[in-house]
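Each chain gets a letter, A, B and so on, in the order its sequence line appears, and its residues count up from 1.
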Amino acid sequence: MPVLQIEDLHVSVDSKSGIEVVHGISIEINEGETVCLVGESGSGKSVSSLATMGLLPKGSLKVTSGRILLDGENLLDLTPAQLRDARATRMSMIFQEPMTALNPVIKVGEQITEVLQAHTKLSNTECHAKVMDILEQVGLPDIERVARSYPHQLSGGQRQRIMIAMALVLEPRLLIADEPTTALDVTTQKQILKLMKDLQQNHGTAVLFITHDMGVVAEIADRVYVMNQGDLVEDGPVKEILTAPKKDYTRRLLSSVPSLVPRSPRPATSPKPALRVTELNKIYGGSGFLSKAKTTHAARDVTFDLTAGRTLGIVGESGSGKSTVARCVMRMIDPSSGGIRVGDQEIGGLTRKGLHPFRKKLQMVFQDPYRSLNPRLTIEESIIEGPVNYGTPKEQARTRAAELLELVGLPASAAQRYPHMFSGGQRQRIAIARALAMEPELLVADEAVSALDVSVQAQVLELLDEVQSRTGIAILFITHDLRVAAQICDEVCVMRRGEVVELGATADVLGNPQHEYTQSLLAAAPGRDWDFANFRPVAA
Amino acid sequence: MPIYLLRRVLAAIPVMLVVAVFVFLLLRLTPGDPAAILAGDMATPEQLDRIRESLGLNDPLLVQFVRWIGALLQGDFGTSLISNKPVIDLVADRMWPTIWIAIITLSLSVAIAVPMGVLAAWKQGSWVDHLVMTFSVLGFSIPVFVIGYLLIKLFAIDLKWLPVQGYKAPSDDFAGFAARAVLPALTLASIYIALIARMTRASLLDVLNEDYVRTARAKGLTERRVLFRHALRNAAVPVMTVIGTGFALLISGVVVTESVYNIPGLGRLTVDSIFARDYPVIQALILLTSGVYVMVNLLIDLSYSLLDPRIRY
Amino acid sequence: MAEKTMRGAFPLSTRQLAARVGAAPIIAAVVLSLIILAAIFAPFIAPHDPILQDPVMRLKPPSGDFPLGTDNFGRDLLSRVIYGARVSLVIGIGVTIMAVVLGLAIGLVSGFFRTADAIIMRIMDGLMAMPSVLLAIAIVSLMGASIWTVMAAITIPEIPRVVRLVRSIVLTAREEPYVEAAIALGTSMPRVLWRHLMPNTFAPLTVQATYVCASAILTEAILSFLGAGVSTETPTWGNIMAEARIYFRLKPMLILWPGLALSLCILSINLLGDAARDILDPRMGKRED
């Protein structure tokens, strides 16, 4: 008998309109098996998992029909008290964001102990022993100290380990993991995935793993269910799905995953550097009366060149200083020292006023498409703002805006509408059009595709490529995603803790990494053995 | 922690300085002769001279200010123009009734309002919630003196359960004190309860939407435990903040309540001084109440670190 | 990502919004309109001259001619209560306009310019520390009790609250990528402030304005009640109550009628403010997109 058996599950919005968000899905998971539920945003994958746990937000979502059988027992028939008893003992869940999923004001040891107190009659010493045992199992160092820590005193990876310990301490039959590694850096992600795999093998737990990342799927799944907009598209063993997907949607999804195989650098169209950064330093903090004089060296002697018509990627994990460099280049923040030369002009030391004539030459595309457009301005007003600031007559700017919208693949009628009428990918296109309206020489893209679903991401990357070949613009591309970097960058610059560890042509750096940090990053990239777009393993 | 403490105390100094400058300039920058303003229309030249002398109004402003601040720092709050007594003595005479009423009000408010807010948030959308919210908006809207007179009419005049007005010191006659303190405290508490209950409800509702509350439910904890162990402490900081800022309402309310109930406290002293144009007393009272307000909020700031381990100084 | 999905999946429809707001604000709007109309057309509505004294008619109980009875000078209580609305409303509206305009200007400057911010916020902290009623009383007692000084005296303590609100909104909004994008587009600072930051303050300011208005009316009543408000010759709700204090045991309704008018007025404004907040709450707005 399967551990979990979902039969024809329907979930709807809990209101009169009652729009259905999950349209009759069926899933089966056996003992010791890892099943991945894959889909883009809005696919209903998280909703299905919350329904299983009985944790759908009250008053906004409800199960309308179907059965959810845990070891043959229908969870939808249980009383609230029975359901509570089943949680943590027979089924557990871990969430995406380990910082917010743990209570900030309670020590983590106590938060685990609480599970034991709620479901067992163990004595204090037995509880303590059991907590220490599970902390040991999830591979935490110095467990006595960790148990006495508050969540904010631990790193993201450690917090997720705590969540796993909490979920597994009573050895449930089923573990539901909702994007458990999405908020983590790749190296940490790799460790957590390995930990989950090990624990699963030791305890025989059935795992329902929800993710949007095909790389992760390739790493851990036994079987895969693909979801799209509340429907189950197809399912099957992982190899089958990755090598011989039957449905168009799955094929499209896989084709959109960027390849880790680096592109070959394009010949430089002009020898003239568009951007030259020399020994850039940025130090945060350090001043302040009676305050802790703790300084952070966010960027240390960063040096690189970028020629027109080419793309330089800055890759690194969180805290590597890659965004700091981007913001210094944009002069959103003042560099502590060093040179930033755009074209022939040194802009590192310019004042706000002195900078004005050169702002035009550098434009930026931001990460969050939902916040990068002023919600109160029409698309046209947003796009013409820059040119009008630099003296372009309004009429002319409007005509140009219409052309640009067409260029980024939006209808001219979009001009009079407001940002909230567009999807994330469309908004990112608008943001690109807004930047291009200034006819800049340099475009800084700070994680510009990270918030997008892979299929949309692929389209935006394509657009950037096309724009570049048309206009000869230089692009500084900040990303944490090696696949994206491999796909779009001519050169990459790998950063760690404020320092550049490796810099060179993408083909060299990602194809044959010299620095051990770059090597470890590549080794940690999930699904590195798969060439998803061609439905086959990477030829070794 | 000690460094933080020091920094917070130092940060209170500019605030008090602003208050002092404001109070000082208020009289001096009022159009017309300050002495004449204070003495009123019927003053003789001798009276005017005496006031000028007493307040040092003949010197340049800066000299006056420095001298005034110097005196303040030595605990000299000036002398009443009417009774010729040091202001500090007047305040000491009148302070206890006010302190007692304030303490009763504060404990009463927290004891009533927090459970009200918790209940409303827990049963969000139910009749309990509606009742609490209705009470809260009424508490905000009905002025203290209207509530005061309503309570007097109901409990003292119609039902005759309690004395109408007046005050007795708790050390002299505790039963008499209690009987006379109940209505003023309830009156004063009405707005404070409304404020705290509302904030408790809002803050708790915010917290109940947090991820860690979902985690707690996923662990199979009972709703009661989720609420009391996981939600309440996280909701406490905004509630503490509003208790602090609401303290200003309490001070303003005291002035009115003491007038309604004829209580010889600082509020009555304020009103009496205003009618007598006894500016040194008014000035000192504003300084003192502001000082108390700043102190209370300083203590509340420091209490945050007890509630939330992320706030460590 | 899951979070965003959930938000996207459940927009709040306008009908749900109306259901949330309920009947209370509508009743409140009607009551407030009646009070405003009564104030404007007081000379036509009031049965008697509110300041005409008639020693024969002192402290009479309600009758056909004097629906609420008369006060200790034989003046008609109903007429006085109707005229009393005028001062309250003028002060409420006047203070709101002044406090919002000044608070918005100071708050914008404070939120955007770091150097000015330090000084402005110390001053605002100082103003906040002074109990508003005490401060207003001190100002009125020094400057004399005209309607203008009363208005100024009530406005000053209200300003810091508006400043703090505006400043906090500006501080949050200036971190938004669209503001950074505007700066990158070469938009001048005053224009960024005007076009991209200020509109964010309008919804919360509307809500705050109702609370300022309610608070101003309340403070005016307290000042009048304590004898530090506009001259006793002008009937205001606070003045009527102050004069009736000594007769309270005898004629409690002399205090309770103006008290009821005052409470209803403040209650209506607060209810409208709550409704405005429910509709304009930025968190609800976020859920809607």
Side-chain angles (χ1 to χ4, degrees), chain B residues 11-12 14-23 26-27 30-31 34 37-38 133-134 137-138 140-147 149-150 152-153 157 164 206 211 245 247-256 259-260 270-271 273-275 277 279 282-283 285-287 289-291 293-294 297, chain C residues 3 24 118-119 122-144 156-157 161 211 214-215 217-219 221-222 225-228 237-238 241-242 244-245 248-249 252-253 255-256 258-260 262-271 273-274 283:
Chain B
V15 176
M16 288 312 296
L17 201 65
V18 169
V19 174
V21 169
F22 198 88
V23 168
L26 202 53
L27 174 67
T30 301
I37 293 173
L38 296 182
M133 289 308 280
T134 307
V137 74
L138 285 178
F140 264 131
S141 305
I142 307 180
V144 266
F145 47 97
V146 177
I147 292 185
Y149 281 115
L150 273 175
I152 293 180
K153 172 144 172 52
I157 298 180
V164 176
D206 273 355
D211 284 355
T245 50
F247 201 77
L249 286 177
L250 190 66
I251 295 171
S252 293
V254 160
V255 179
V256 183
S259 292
V260 172
T270 314
V271 176
S273 316
I274 285 159
F275 283 114
R277 293 171 177 272
Y279 198 72
I282 300 175
Q283 185 169 278
L285 283 169
I286 294 183
L287 273 175
T289 46
S290 307
Y293 177 85
V294 169
N297 280 285
Chain C
E3 214 58 33
I119 302 164
R122 287 299 81 69
I123 295 176
M124 292 301 137
D125 284 349
L127 281 179
M128 285 277 269
M130 287 182 268
S132 55
V133 169
L134 281 191
L135 188 63
I137 288 175
I139 295 173
V140 172
S141 68
L142 284 175
M143 308 218 176
I156 291 172
R161 279 173 257 278
Y211 297 140
S215 158
I217 291 175
L218 179 62
T219 311
I222 290 177
F225 178 76
L226 294 176
W237 291 333
M241 295 170 80
R245 280 169 68 183
F248 180 67
R249 284 178 201 228
M253 292 318 283
I255 281 191
L256 295 182
L260 179 70
L262 178 60
S263 305
L264 272 180
C265 183
I266 298 175
L267 181 65
S268 315
I269 297 172
N270 277 334
L271 284 174
D274 284 356
R283 267 172 301 180

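- Heavy atoms closer than 4.5 Å to chain C are found in both the backbone and the side chain of B:Leu26.
- For a residue to count as touching a neighbouring chain, one of its non-hydrogen atoms must lie under 4.5 Å from one of that chain's; by this rule B:Val23 touches chain C with the side chain only.
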Pair C:Ile222-B:Ser252, side-chain contact (heavy atoms from CB on, under 4.5 Å): steps then yes or no
CA-CA 9 Å; C:Ile222 290 177; B:Ser252 293; 5.8 Å; no
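- For the set C:Pro157, C:Ser141, C:Ser215, the count of heavy-atom pairs under 4.5 angstrom toward chain B peaks at C:Ser141.
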Listed pairs under 3.5 Å, donor-acceptor, residues 128-140 of chain C side chains, sequence neighbours left out:
none

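- Neither the backbone nor the side chain of C:Met124 comes within less than 4.5 Å of any heavy atom in chain B.
- Of the residues considered (B:Ser259, B:Ser141, B:Pro14, B:Ala11), B:Ser141 shows the highest number of contacts with chain C, using heavy-atom pairs under 4.5 Å.
- Within the 4.5 angstrom heavy-atom criterion, only side-chain atoms of B:Ile157, from C-beta onward, approach chain C.
- In this structure, CZ in B:Phe140 is found 11.5 Å from CG in C:Leu218, a value given to the nearest 0.5 Å.
- The residue among C:Ile266, C:Leu127, C:Leu142, C:Ile269 with the most heavy atom pairs within less than 4.5 Å of chain B is C:Leu142.
- With a threshold of 4.5 angstrom between heavy atoms, B:Tyr279 approaches chain C through side-chain atoms but not through N, CA, C or O.
- A parallel orientation is assigned to the rings of B:Phe145 and C:Phe225, their planes being inclined by less than 30° (bins at 30° and 60°).
- In this structure, no portion of C:Ile119 lies under 4.5 Å from any heavy atom of chain B.
- Evaluation of the salt bridge (Lys or Arg N to Asp or Glu O under 4.0 Å) test over residues 128-143 of chain C, restricted to residues two or more places apart or in two chains, returns none.
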Let's go through B:Ile142 and C:Leu267 carefully: what are the C-alpha distance in whole Å and the side-chain angles of both, what is the deciding distance for side-chain contact (heavy atoms from CB on, under 4.5 Å) to 0.1 Å, and is it a yes or a no?
CA-CA 7 Å; B:Ile142 307 180; C:Leu267 181 65; over 6 Å; no
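- When each of B:Leu250, B:Val271, B:Val137 is checked for heavy-atom pairs under 4.5 Å with chain C, B:Val137 comes out on top.
- Interatomic distance, B:Thr134 OG1 to C:Leu271 CG, rounded to the nearest 0.5 Å: 9.0 Å.
- Both the backbone and the side chain of B:Val19 come within contact range of chain C, judged by heavy atoms closer than 4.5 Å.
- Contact annotation for C:Ala221: both backbone and side-chain heavy atoms come within less than 4.5 Å of a heavy atom of chain B.
- For the atom pair OG of C:Ser263 and CG of B:Leu138, the computed distance is 9.0 Å after rounding to the nearest 0.5 Å.
- Proximity to chain C (any heavy atom under 4.5 Å) is restricted, for B:Val294, to the side chain, taken from C-beta onward.
- By the 4.5 Å heavy-atom criterion applied to side chains, B:Pro143 and C:Leu262 are counted as neighbours.
- Rounding to the nearest 0.5 Å places CG of B:Asn297 at 10.0 Å from CG of C:Asp125.
- Residue contact with chain C, scored on non-hydrogen atoms closer than 4.5 Å, involves the side chain of B:Thr270 exclusively.
- Only the side chain of C:Ile255 has a heavy atom closer than 4.5 Å to any heavy atom of chain B.
- Here the shortest heavy-atom pairing between C:Leu226 and B:Val255 reads CD1-CG1, 3.7 Å.
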Stepwise side-chain contact (heavy atoms from CB on, under 4.5 Å) test for B:Leu17 and C:Arg122:
CA-CA 9 Å; B:Leu17 201 65; C:Arg122 287 299 81 69; over 6 Å; no
